[in-house]
Protein chains: 2
Amino acid sequence: MNLTIAEENYIKSIFKLQEGTETVSTNAIAYELDTKPASVTDMAKKLKEKKLIDYEKYHGITLTAEGKKIALQIIRRHRLWECFLVDKLSFSWEEVHELAEELEHVRSEKLTTRLSDFLGNPTTDPHGDPIPDAQGKMNKIRSLQPLDKAAAKRLEVAAVNDQSTALLEFLNAKGIRLGTQIEVIERYEFDNSVEIKIKNQPAFTISEQVSKNILVRPL
Amino acid sequence: MNLTIAEENYIKSIFKLQEGTETVSTNAIAYELDTKPASVTDMAKKLKEKKLIDYEKYHGITLTAEGKKIALQIIRRHRLWECFLVDKLSFSWEEVHELAEELEHVRSEKLTTRLSDFLGNPTTDPHGDPIPDAQGKMNKIRSLQPLDKAAAKRLEVAAVNDQSTALLEFLNAKGIRLGTQIEVIERYEFDNSVEIKIKNQPAFTISEQVSKNILVRPL
DNA sequence: AATAAAGTTTAGACAAATCTAAATATTTTG
DNA sequence: CAAAATATTTAGATTTGTCTAAACTTTATT
């Protein structure tokens, strides 16, 4: 299956949006890829032709088994490159997403396998996201909960839900990284903000928008 | 300067062909890039518009200073990735050219700098070609001569002139790699073939086509 | 259930990169 | 130096991925 970079990006977006919901809307994909719904419709026809998605006019899109397989390969490459950039080239976690978006399109199984070996076959990327193995199997460590919904008081940061530079820089500034231990001091109902404390630091409050995107596990 | 991958490939080819000769022909570029002369003409207009080449209809192409600068950046990235693939991921020298052709198009100065540092700032790639530094300066170790023209009897292999898998696999099979020491036993005039000997091995003969592409330095 | 709102698709256009075939320019050669 | 050979360019078409504007479907609302 020979895919263009654009096709790969569509497959990846559909996979991402499909988590949870069954079928993905034209609009959602357009928003995710920063393009227009009409363009998505055009591409949907092509991907259907290639049997990578199921698609009926006006009724949304889902990946076929083959489509999912390809999505997982792309995600695997993306996350391995992120590990490489952080572990070997000392990039910080907010810098690597965009570079990995480009590197992920180099399709070579041999390269992917060797890169993975070189990195010690990591199972999570610098944002805490699981890395699919060569067969496309991925640990769904989604025993994780977003901080805004977690019940326990003592928590550990395990992943982030959003790769945007803005969020990651904010977390850097606050001293929040993967593995950081957090104590929930107070939850404020009126705006769903949370007051939290990190060891040896004064407590501070974060908005719902932020806490939604921090995935934690109870300690 | 925002270039497409196609534009980068044209720049790189022109740079390569420009060595020695002053102006590069439409035909030569078309052959190098495995495309048609008409396509080269079209692209020449675009690159001229962007001031990366000097071009007058029917009178060939040369890179401007800016064009050369960009070419050297691309070559730098290409050769650094080749080093990475061989030194860190254990690829062999005949496998890396095609992968590097893809990786070289990831344009990030920070990535390039860090990759170079990670590799110990190498100055030659796995085929013996010099790697331009961040300023575009490149050791012209072209005190090197092709084996078919070298005068001395005892020689060391310093580089190869052709990245094709076919040649490199041939050299692998014959035990010829960078640093291999060669003794010239005999030169045959009628077909310009050379009989050579590598330490602890029986002598063998190689064709002009091969010896042209092996760059050596006297010992 | 009819209508308004929201979402999606079609039609037609455009830019990038390519191609073929025909036209034109340059170079080589008898 | 004119004709032939070679090289280059133009004209017109194609593919991929995109867009806008208009048309159409589905869904939500009153």
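Lettering of chains follows the sequences in order, A, B, ..., and the numbering in each one begins at 1. Values reported hereafter were calculated over all heavy atoms of this structure, with side chains retained and with hydrogens, waters and symmetry mates removed. None of these values were measured; they are calculated from a predicted model.
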Atom-to-atom span, [atom1] of [X] to [atom2] of [N] - whole angstrom:
{"X": "B:Lys48", "N": "D:dT9", "atom1": "NZ", "atom2": "C1'", "result": "14 Å"}
{"X": "A:Ile11", "N": "D:dG17", "atom1": "CD1", "atom2": "P", "result": "12 Å"}
{"X": "B:Asp42", "N": "C:dC19", "atom1": "CG", "atom2": "C1'", "result": "10 Å"}
{"X": "A:Glu8", "N": "D:dT16", "atom1": "CD", "atom2": "P", "result": "16 Å"}
{"X": "A:Lys45", "N": "C:dA11", "atom1": "NZ", "atom2": "C1'", "result": "10 Å"}
{"X": "B:Asn9", "N": "C:dT18", "atom1": "CG", "atom2": "C1'", "result": "14 Å"}
{"X": "B:Ile5", "N": "D:dG17", "atom1": "CD1", "atom2": "C1'", "result": "14 Å"}
{"X": "A:Glu56", "N": "C:dT9", "atom1": "CD", "atom2": "P", "result": "10 Å"}

pair [X]-[Y]: side-chain heavy atoms closer than 4.5 Å:
{"X": "B:Tyr10", "Y": "B:Ser39", "answer": "yes"}
{"X": "B:Thr62", "Y": "B:Gln18", "answer": "yes"}
{"X": "B:Thr165", "Y": "B:Glu98", "answer": "yes"}

Item to check | Minimum-distance pair of heavy atoms, taken over all atoms of B:Glu104 and B:Trp81 | outcome: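 That would be N-CD1, 4.0 Å.
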Considering only nitrogen or oxygen atoms on both sides, find all protein atoms under 3.5 Å from nucleotides 2-7 of chain C and state each distance.
none

Item to check | 5'-most by nearest nucleotide on DNA chain D - A:Ala6 or B:Tyr55 | outcome: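 Result of the comparison: B:Tyr55.
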Does [N] have OP1 or OP2 sitting under 4.0 Å from an N or O in the side chain of [X]?
{"X": "A:Lys57", "N": "D:dT26", "answer": "no"}
{"X": "A:Thr35", "N": "D:dG17", "answer": "no"}
{"X": "A:Thr4", "N": "D:dG17", "answer": "yes"}
{"X": "A:Thr41", "N": "C:dT9", "answer": "yes"}
{"X": "A:Lys46", "N": "D:dG17", "answer": "yes"}
{"X": "B:Lys36", "N": "C:dA17", "answer": "no"}

Checklist entry - Does the ring of A:Phe118 carry A:Lys88 above it, NZ/CZ under 6.0 angstrom from centre and within 45° of its axis? => result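 The answer is yes, since A:Lys88 meets both limits relative to A:Phe118.
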Next on the checklist: Over all strands shown, is A:Tyr10 touching base, sugar-phosphate only, or nothing at heavy-atom distances under 4.0 angstrom?
Outcome noted: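 Sugar-phosphate only.
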Checklist entry - Taking atom types as modelled, is there a side-chain donor on B:Ser193 or B:Asp191 under 3.5 Å from an acceptor on the other? => result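 Judged by distance alone, the side chains do pair up.
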Next on the checklist: With a 4.0 Å cut-off on N to O distance, would you call B:Lys46 and B:Glu7 a salt bridge?
Outcome noted: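 No, this pair does not count.
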